[in-house]
Amino acid sequence: MESTMEEADVEDEKAAATDLSYPPVFLQPSGAGLLPASPCTSAAVIDVPVLDLHRLDPVGLRGACRDWGLFRLVHHGIPPPLSAALQAQARDLLSLPFDAKRARFCFPGLAYFWGTPALTLHVKDLNWLEGLHIPLGRLSSSSSAAEFDGLETFWSLVDEYKQHLARIARTLFEAMAADLKLDAGLSASYLNEHDGTFRIYRYPKCARADDYFAMEAHTDSSVLSIVNQDDVGGLQVLRGGGWSCVEPIADTLIVNLGDIMQASISFSDDDQYKSVEHRVRVNRSKERISLCYFGFPMEDGVISSSRYREFTYREFKEQVQEDIKLSGAKVGLRRFRVNDES
Ligand SMILES: O=C(O)CCC(=O)C(=O)O
Ligand SMILES: [Fe+2]
């Protein structure tokens, strides 16, 4: 048994080591010279709350947002063939040779990245991922012919998909704002759903699955994030002090709340939503694709609450970037806490 496992490991490692679509940093079987992330632990599958977008139950939503910071969304209205077509396009585009991806996807409206979860952030550890970064606000104004050349199908799918994302994000946010009794004037600038960020991730297989994370533990800086994952799995959530797996289930979306929702504290009962900590594990023998949307506030949107000092989203973003530049890690909302001794 032992030797079979080892043989399988060697085969997986060889396959991963020769895939020329992988960034070269992922082709080093020994991972020489790379900083190892903390070892992954095995985690049990957990049943996360399920919400139906057609009949959004305010009590269920309140519980999911306060206790979990994450839920599974059903009846979300994205046609399954649209998700499948976009997943297939993502797979095709990211299977191009590494150099071709770097040369081809290099526009303000479409950028290829690898190794860290965002283009501009240099986090401490290598994340076993690559992807395409698409700022959705630029999509309609993006006029460069090169940006469209040969990608017409892809862009039209993204265009259709983004309408659904904006609809889902707005519907969920309105229900959350009503629950929190957010000030109507302020809450209008809390979510700029049409200018969200869309990222397509490919998590390469990694023979050393215990040494690296596909994406290390973090909270999202968004208002809310919407994850559409394939059937491979790997998303984990921190709950009750331990990590649990959020299973992929066909035609469902995983919604997680970001830091901005945690900061949007109800003035009426001082209660708080949760920006849930999550991470993605690598898979030894399968690549994983996920389509992720991040809804953010207006840049000048003021986030005002009893527990954090008032800040604009721009300020928050700049602080996150600065902390990462200085220490390689995000500090996040803690920076804005009133009376924070840390
Ligand atoms: O790919 C996933 O399932 C999650 C990605 C994620 O957490 C992120 O991009 O912030
Ligand atoms: Fe995330």
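When a ligand or atom number is given, it counts from 1 through the structure's own listing order. We use all heavy atoms of the structure for the numbers below, so side chains are in, but hydrogens, waters and symmetry mates are not. Position 1 is the first residue of the sequence; numbering continues from there.
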| note | The protein heavy atom nearest to atom 5 (C) of ligand 1 is Tyr203 OH, 3.6 Å
| query | So which protein heavy atom does atom 9 (O) of ligand 1 come closest to, and at what separation? | reply | Tyr201 OH, 2.6 Å
| field | Structural part of Asn256 in contact with ligand 1, heavy atom criterion under 4.0 angstrom | value | neither
| request: State whether Glu299 and Arg314 are salt-bridged, where the test is any N-O pair (Lys NZ or Arg NE/NH1/NH2 against Asp/Glu carboxylate O) under 4.0 Å. | output: yes
| Is the distance between the ring centroids of Tyr22 and Phe98 under 6.0 Å? | no
| Pair Glu310-Ser304, side-chain donor/acceptor within less than 3.5 Å | yes
| field | Close side-chain approach of Leu238 to His278, heavy-atom, < 4.5 Å | value | no
| Rounded to 10°, how big is the angle at the Fe ion (ligand 2) from Asp220 OD1 to His278 NE2? | 100°
| request: Show your reasoning for whether ring pair (Phe, Tyr, Trp, His ring centres under 6.0 Å) applies to Phe311 and Phe316. | output: CA-CA 7 Å; Phe311 61 88; Phe316 183 74; 5.6 Å; yes
| remark: Out of Arg202, His278, Arg288, the nearest non-hydrogen contact to atom 3 (O) of ligand 1 is supplied by Arg288
| remark: A student checking ligand 1 against Asp220 at a 4.0 Å heavy-atom cut-off should list atoms 10 (O)
| query | What part of Ile254, side chain from CB on, backbone N/CA/C/O, both or neither, has a heavy atom under 4.0 Å from ligand 1? | reply | neither
| Tyr190 and Tyr313: aromatic ring centres closer than 6.0 Å? | no
| query | Can an N, O or S atom be found in His218 less than 2.8 Å away from the Fe ion (ligand 2)? | reply | yes
| Are there more than 12 heavy atoms of other residues, nucleotides or ligands under 6.0 Å from atom NZ of Lys286? | no
| task | Return the residue, atom name and 0.1 Å-rounded distance of the protein heavy atom closest to atom 8 (C) of ligand 1. | result | Met215 SD, 3.4 Å
| message | Would you say the ring centers of His164 and His76 fall short of 6.0 Å from each other? | response | no
| message | As an exercise, identify every atom of ligand 1 less than 4.0 angstrom from a heavy atom of Ser290. | response | 1 (O), 2 (C)
| message | At less than 4.0 angstrom from any non-hydrogen atom of Phe294, what atoms of ligand 1 do you find? | response | 8 (C), 9 (O), 10 (O)
